[in-house]
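Working notes, structure below.
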Amino acid sequence: MIDMRLIRENTRDVQTSLKQKGVDFDLNIILNLDEERRDIIQKVEALKRQRNTISKDVGIRKKAGQNADNLIAETTSINEDIKSLDAKLGELDDQIKTFMLQLANPAHFSVPVGHDASENVVIKEWGKRKIFSHKALDHLELGEKLGLFDFQRGTKIAGPGFPLYTGLGAKLERSIINFMLDFHTEKHGYKEIFPPFVANSKSMTTTGQLPKFGEDMYLAGKDELYLIPTAEVPVTNIHQEEIIPVDEFPVKYAAYSACFRREAGSYGRDTKGFLRLHQFNKVELVKFTHPDESYNELELLRRDAEDILEALGLEYRVIDLVTGDLSFSAAKCYDIELWAPVEEKWLEVSSCSNFEDFQARRGNIRFRPNGGGKLQFAHTLNGSGVATPRLLVALLETYQTEDGHFKVPEVLVPYMGRDLI
RNA sequence: GGAAGCGUAGCCUAAUUGGUAAGGCAGCGGUCUUGAAAACCGCCGUCCGUAAGGACUUGUGAGUUCGAGUCUCCCCGCUUCCGCCA
């Protein structure tokens with residue numbers, strides 16, 4: 001949520017940065033409602049003041065054994081006016097809140113201005129291009145040959161997009177997850193979290209999935225619980241409605257979760273294999289920071305994700321998303337993409353974002369600044385560290401041997417208990 | 001699923017038959033002091049207002065009332081017990 005004061009006092013800047021983000025919404029709609037709201041507040045508060053004064057007098061008179069009927073009569077019309085003004089005020093509040101919850105987070109000034117993904121800026125490339133001297137298999141051919149997964153049966157059980165990992169494929173998946181969790185907790189100082197895989201609508205509102213993107217999620221309607229699209233949701237909501245002691249900053253959590261996405265509207269895109277799924281595994285990194293530190297922490301967060309890919313020896317590049325490609329809640333975001341040498345495509349495996357106080361406002365996540373003073377909203381960040389399906393694609397394609405086997409990357413050998421599949 | 005109890009500000013705790021939220025701790029500013037402590041004063045939840053000031057706030061929402069922490073109802077959460085169950 002954007003600070004109403006910022007909209008009021010800095011309308012033009014907010015309007016501009018929303019436009020750069022591709023949001024076509026006239027802030028005057030909100031400003032007019034806000035003005036009307038404040039006008040009514042003044043009127044209704046004056047009336048309430050009158051009523052309070054009279055009530056006090058009634059109490060005094062009654063205590064003294066005097067009659068107060070004429071005073072009580074006075075309140076009748078005042079109360080009627082208050083009631084109707086309060087009702088109007090409630091409506092305005094609802095309207096304003098509805099608009100505010102649907103307004104995207106403006107981009108940070110450092111974000112390059114651009115319309116869509118085609119204008120994104122590559123800011124870093126790492127690793128050596130894999131060149132095959134033999135005919136290489138793509139990840140599906142290799143995986144099926146080695147019996148690592150079974151998409152047909154996964155589809156039978158749940159439908160397309162729900163992968164079934166089998167045998168050493170299942171173990172490889174589990175090894176990757178364990179490796180990433182150990183890496184982030186032991187080397188990068190994150191606290192491990194194992195969160196619920198469902199969340200209620202309030203939690204979904206905090207992180208920004210609701211109210212706008214409900215269609216993208218699975219809903220267990222009977223209990224009004226959503227399947228989480230990312231561990232960002234439960235982990236960010238750990239401190240919902242809380243005050244974080246300032247000396248605990250930065251709070252760093254690493255969480256594995258399965259992620260569920262309906263992918264409504266993307267049918268027919270990337271349907272092949274692991275490129276786009278309804279259920280996938282991901283280790284998510286979440287940070288709560290002091291506002292002064294969040295952009296520094298974003299860089300560190302990105303490094304932590306990159307570190308995983310370097311440990312696995314995979315070629316990657318980092319993208320600085322332009323304003324038009326930023327997600328609803330993000331003020332700034334880096335994508336990290338892996339090179340799939342057979343597909344010959346860049347695959348997004350991580351998004352590292354700073355949400356500034358956008359989520360903290362929605363979830364009321366605060367801290368008391370050093371030296372005292374008013375409670376302030378914390379900054380929240382998160383990044384994938386990383387998602388497994390596309391990582392698996394890059395791994396299988398990169399580490400295949402000439403005779404159609406898979407050479408287990410060194411860091412995964414202890415987890416797999418073998419160096420070849 | 002059933003029963004009982006509880007929910008007051010960052011934390012802790014009060015509030016007669018309904019009379020308009022008292023205090024303590026922590027924190028911030030100030031007075032005093034060489035400095036600190038103590039003591040004292042102010043601030044210490046949200047909103048409106050340039051300000052003076054005012055309104056709101058006892059988990060949420062509604063109702064009764066001139067007036068609700070207090071009475072009534074819905075809902076939410078927590079605790080304990082019972083039932084069911086991995």
Side-chain angles (χ1 to χ4, degrees), chain A residues 1-10 30-101 194 196-206 210 220-226 234 237-249 251 288 290-291 357 360-378:
Chain A
M1 213 148 49
I2 310 175
D3 188 357
M4 178 58 96
R5 198 158 286 151
L6 189 71
I7 296 178
R8 220 184 277 155
E9 293 167 5
N10 234 333
I30 286 181
L31 285 176
N32 289 338
L33 290 171
D34 181 53
E35 204 175 318
E36 194 180 347
R37 170 179 170 269
R38 286 185 288 157
D39 189 51
I40 289 179
I41 285 176
Q42 300 216 29
K43 285 181 186 154
V44 77
E45 288 190 357
L47 289 172
K48 284 181 179 175
R49 185 184 177 185
Q50 276 186 46
R51 183 178 67 185
N52 288 345
T53 310
I54 294 171
S55 284
K56 224 169 224 171
D57 286 347
V58 170
I60 292 168
R61 285 207 193 179
K62 289 208 166 175
K63 232 167 207 172
Q66 296 171 339
N67 184 287
D69 289 352
N70 57 334
L71 284 179
I72 291 172
E74 261 186 71
T75 63
T76 311
S77 75
I78 292 178
N79 273 340
E80 276 171 19
D81 290 346
I82 288 176
K83 200 166 187 179
S84 72
L85 283 174
D86 265 343
K88 179 71 186 159
L89 190 59
E91 281 172 35
L92 282 169
D93 281 339
D94 286 349
Q95 284 179 46
I96 291 170
K97 193 173 179 195
T98 302
F99 281 125
M100 293 292 273
L101 282 176
F194 204 130
F197 290 2
V198 295
N200 57 32
S201 59
K202 180 165 186 191
S203 294
M204 288 298 178
T205 304
T206 297
L210 291 179
K222 203 167 184 181
D223 298 293
E224 288 188 60
L225 289 170
Y226 293 86
N237 278 284
I238 287 175
H239 294 298
Q240 178 209 102
E241 300 290 337
E242 284 187 14
I243 288 144
I244 302 173
V246 70
D247 56 4
E248 287 180 15
F249 283 147
V251 178
F288 300 81
H290 191 285
D357 65 4
R361 271 176 201 286
R362 296 170 154 245
N364 205 23
I365 302 166
R366 298 174 294 170
F367 71 97
R368 173 97 54 198
N370 262 328
K374 288 201 168 191
L375 294 170
Q376 289 182 23
F377 292 109

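Lettering of chains follows the sequences in order, A, B, ..., and the numbering in each one begins at 1.
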Inter-nucleotide C1' distance (B:U16, B:C12), Å rounded: 24 Å
Closest to the A:R366 side chain, choosing from B:G49, B:G10, B:G54: B:G10
Identified pairing partner of B:G29, criterion: Watson-Crick or G-U wobble below 3.5 Å: B:C41
A:N200 and A:S203: side chain donor to acceptor below 3.5 Å: yes
Aromatic plane relationship, A:H239 with A:F288 - under 30° parallel, 30 to 60° tilted, over 60° perpendicular: perpendicular
A:R362 side chain vs A:T205 backbone, donor-acceptor pair below 3.5 Å: yes
Whether over 12 other heavy atoms sit under 6.0 Å from A:E91 CD: yes
B:G49 phosphate, OP1 or OP2, under 4.0 Å from A:R38 side-chain N/O: yes
Touch class at under 4.0 angstrom, heavy-atom based, for A:R61 against every strand present: nothing
Atom pair distance, as rounded to whole Å: CD1 in A:I96 and P in B:C47: 13 Å
Residues A:D93, A:K97: salt bridge by 4.0 Å N-O rule: no
Rounded distance in Å - CD (A:E35) to P (B:C48): 13 Å
Same-atom distance (C1') from B:G29 to B:U13, integer angstrom: 26 Å
d(CZ, A:R37; P, B:A55) in whole Å: 17 Å
Same-atom distance (C1') from B:G10 to B:G45, integer angstrom: 10 Å
Touch class at under 4.0 angstrom, heavy-atom based, for A:N52 against every strand present: sugar-phosphate
Separation of B:A55 P from A:I40 CD1 (nearest whole Å): 19 Å
Base B:G49 to side chain A:Q42, donor-acceptor N/O within 3.5 Å cut-off: no
C1' spacing across the pair B:U60 / B:C74, given as an integer number of angstrom: 10 Å
Please tabulate, one pair per line, each protein N/O and nucleotide N/O from nucleotides 65-71 of chain B that are separated by under 3.5 Å, including the distance.
{"unit_1": "B:C66", "atom_1": "O3'", "unit_2": "A:N79", "atom_2": "ND2", "d": "3.4"}
{"unit_1": "B:C66", "atom_1": "O2'", "unit_2": "A:S55", "atom_2": "OG", "d": "2.9"}
{"unit_1": "B:C66", "atom_1": "N4", "unit_2": "A:K62", "atom_2": "NZ", "d": "3.4"}
{"unit_1": "B:G67", "atom_1": "OP1", "unit_2": "A:N79", "atom_2": "ND2", "d": "3.4"}
{"unit_1": "B:G67", "atom_1": "O4'", "unit_2": "A:S55", "atom_2": "OG", "d": "3.3"}

